[in-house]
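One structure is given below, encoded as structure tokens.
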Amino acid sequence: MIDTAVALSPGRGLGGRDLPDGLLAVRAAEGDEEAFAVLVQRHGRPLLDLARCMLGNPQDAEEAVQDAFVSAWRRLPEYRHSAEFHTWMHRITVNRCLTMRHRRPPPLSLDTVAEPAATDAWGQPARSAEQEAATAALVRALGELDTGQRLCWILREVQGLSYKQISHVTRSSEQAVRGRLFRARRSLQEAMGPWR
Amino acid sequence: MAVDEPHAPPPESLGADGTGPKPGAADVPSFADDVVTPCGRLLSRIWEQARDTAQAADPHISSCPHCREAAEGLSAVTAASQALRTGDRPGLEALADRVMNIVRAEVRLGRLLPLADPDRALRIAESAAAKVLRQAADRVPGARAAACRFVPVGDGVDLRVTMTLAAALDRPLPDRIHQVRRSVLRSAGQDLGLAVTAVDITVVDVLEQEPPCRPGLTPGGA
């Protein structure tokens, strides 16, 4: 079944930008590159955010998301729409991030996170020193979480996914998601104690 | 902070079967390592409510000092995580370009279909023909093509098109399908020079007529 809810308007839509994900994915699976380009535009940014939080730096995040999209393009002909494209794409990206984490040394050196700069590790303009340090501390604490907890926390707090969506991405029950989220919050709260 | 040391919620806080939530904790189950506030609420629930205002609120939590303090315990995390969600982020364009360059280099042509020319020497890639016929279907207002496949008929150049469609329901479907079929047949003959003998159409989804602007479906949105 294809996603419902799509806006129709005259004169718009031949480029596919108003089409639902499922329909674009069917087209892309048949080799329609334009349809895939719309999916990349639509999902790229949240997936980059996810990868940046999982991996701790923008360069690795870009590599992970690029690999994830290329892998999705190759696998689309076998994609059976049992999961929404959004969920399927999140899973591919998460797996890619996990592989990269295994392959690389610890992702967040304290120096790179704490170093003051015009733009920080997240590519943002410099904030106040205190905010900067608090964010660095959070990122560091995030990096020390158990992978499942970190993933659930990022999907909820950064991506804004619902418990149900998170349970689909992580292939676990909503109860398990709530448990991981609670433990993640507790660990992060302890780590952030000095910033209260 | 005014919460007990981590411990399992007391058995009496569970439902009669020992697994359900306590009364007042509504439908929120507990975890083995959850924490109970002095007022008997679960820390996990207080945090969920603090972070998710859409959730059916427990009025007690907003008025109880213990619960408020427990919720505020998360404030430093919440404030710092704001920076991960907002602010200027590097553009997507370079990444999208790299992805699409790789994708275009791995072109999937599909089968080669015979054009209806007397010498039977001309061919077109299935993916290219499908794209043109999808566009023909999309030109019918309230219709958007999804899959488009070709099935050879007999030994010659004749082809049957199998198409799936999302269609709006503001008019009777048979009319719209008929229009799509006509548009596809015309395009197959005139634009491509394919000998399409039939167009099988299956409606697989319903298109909603638009509200004027839908956030999240705008270009690059969602």
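Labels below follow one simple rule: chain letters A, B, ... track the order of the sequence lines, proteins then strands, and each chain is numbered from 1.
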So B/Glu48 and A/Arg185, side chain to side chain contact (heavy atoms under 4.5 Å, CB included) or not? Walk me through it.
CA-CA 10 Å; B/Glu48 282 183 14; A/Arg185 283 173 175 155; 3.9 Å; yes
Please evaluate residues B/Val77 and A/Glu157 with respect to the criterion side chain to side chain contact (heavy atoms under 4.5 Å, CB included), reporting the C-alpha separation (whole Å), side-chain torsions for both, the decisive distance (0.1 Å), and the verdict.
CA-CA 10 Å; B/Val77 177; A/Glu157 297 289 339; over 6 Å; no
Show your reasoning for whether side chain to side chain contact (heavy atoms under 4.5 Å, CB included) applies to A/Phe182 and B/Leu42.
CA-CA 11 Å; A/Phe182 170 67; B/Leu42 293 172; over 6 Å; no
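Within the 4.5 angstrom heavy-atom criterion, only side-chain atoms of A/Leu138, from C-beta onward, approach chain B. Both the backbone and the side chain of B/Ala145 have a heavy atom closer than 4.5 Å to some heavy atom of chain A. For A/Arg156, the part lying near chain B is the side chain, with the backbone staying farther off; criterion is any non-hydrogen pair under 4.5 Å. Residue A/Ala29 touches chain B through its backbone alone, counting heavy-atom pairs closer than 4.5 Å. For A/Ala28, the part sitting under 4.5 Å from any heavy atom of chain B is the backbone (N, CA, C, O) and nothing else. Only the side chain of B/Glu93 has a heavy atom closer than 4.5 Å to any heavy atom of chain A.
Under the 3.5 Å distance criterion, the side-chain polar atoms of A/Glu30 are left unmatched by any main-chain donor or acceptor of B/Ala130. Checked by atom type and distance alone, the side chain of B/Arg108 never pairs as donor or acceptor with a backbone atom of A/Pro77 at under 3.5 Å.
Counted within 6.0 Å of CZ on B/Arg149, heavy atoms from surrounding residues, nucleotides or ligands total 12 or fewer; the atom is thus considered open.
Taking A/Val40, A/Val158, A/Leu181 one by one and counting their heavy-atom pairs under 4.5 Å with chain B, the maximum is reached by A/Val158.
The two residues A/Gln41 and B/Leu92 have their closest heavy-atom pair at O-CD2, 3.7 Å. Listed here is the closest heavy atom pair of B/Ala166 and A/Leu23: CB-CD1, 3.6 Å. For the residue pair B/Ala80 and A/Ala134, the shortest heavy atom distance occurs at CB-O, 3.8 Å. Here the shortest heavy-atom pairing between B/Asp138 and A/Arg27 reads OD2-NH2, 2.7 Å. Nearest heavy atom pair, residue A/Trp153 against residue B/Ser81, reads CH2-CB, 3.4 Å.
A/Arg183 contributes atom CZ, which lies 4.0 Å from atom CG of B/Asp33 (distance to the nearest 0.5 angstrom). Here the CD atom belonging to B/Gln82 is positioned 10.0 Å from the OG1 atom belonging to A/Thr135, to the nearest 0.5 angstrom. Between atom CD of residue A/Glu33 and atom CE of residue B/Met100 there is a gap of 6.0 Å, rounded to the nearest 0.5 Å. One finds the CZ atom of A/Phe69 at 12.0 Å from the CD1 atom of B/Ile102 (value rounded to the nearest 0.5 Å).
The existence of a salt bridge linking A/Arg186 and B/Asp34 is excluded, since no basic side-chain nitrogen approaches an acidic carboxylate oxygen closer than 4.0 Å.
Screening residues 159-168 of chain B for salt bridge (charged side-chain N to carboxylate O under 4.0 Å, His left out), with sequence neighbours left out, gives B/Arg160-B/Asp200.
Residues forming a ring pair (Phe, Tyr, Trp, His ring centres under 6.0 Å) with A/Trp73 (at least two apart in sequence, or on another chain): A/Phe36.
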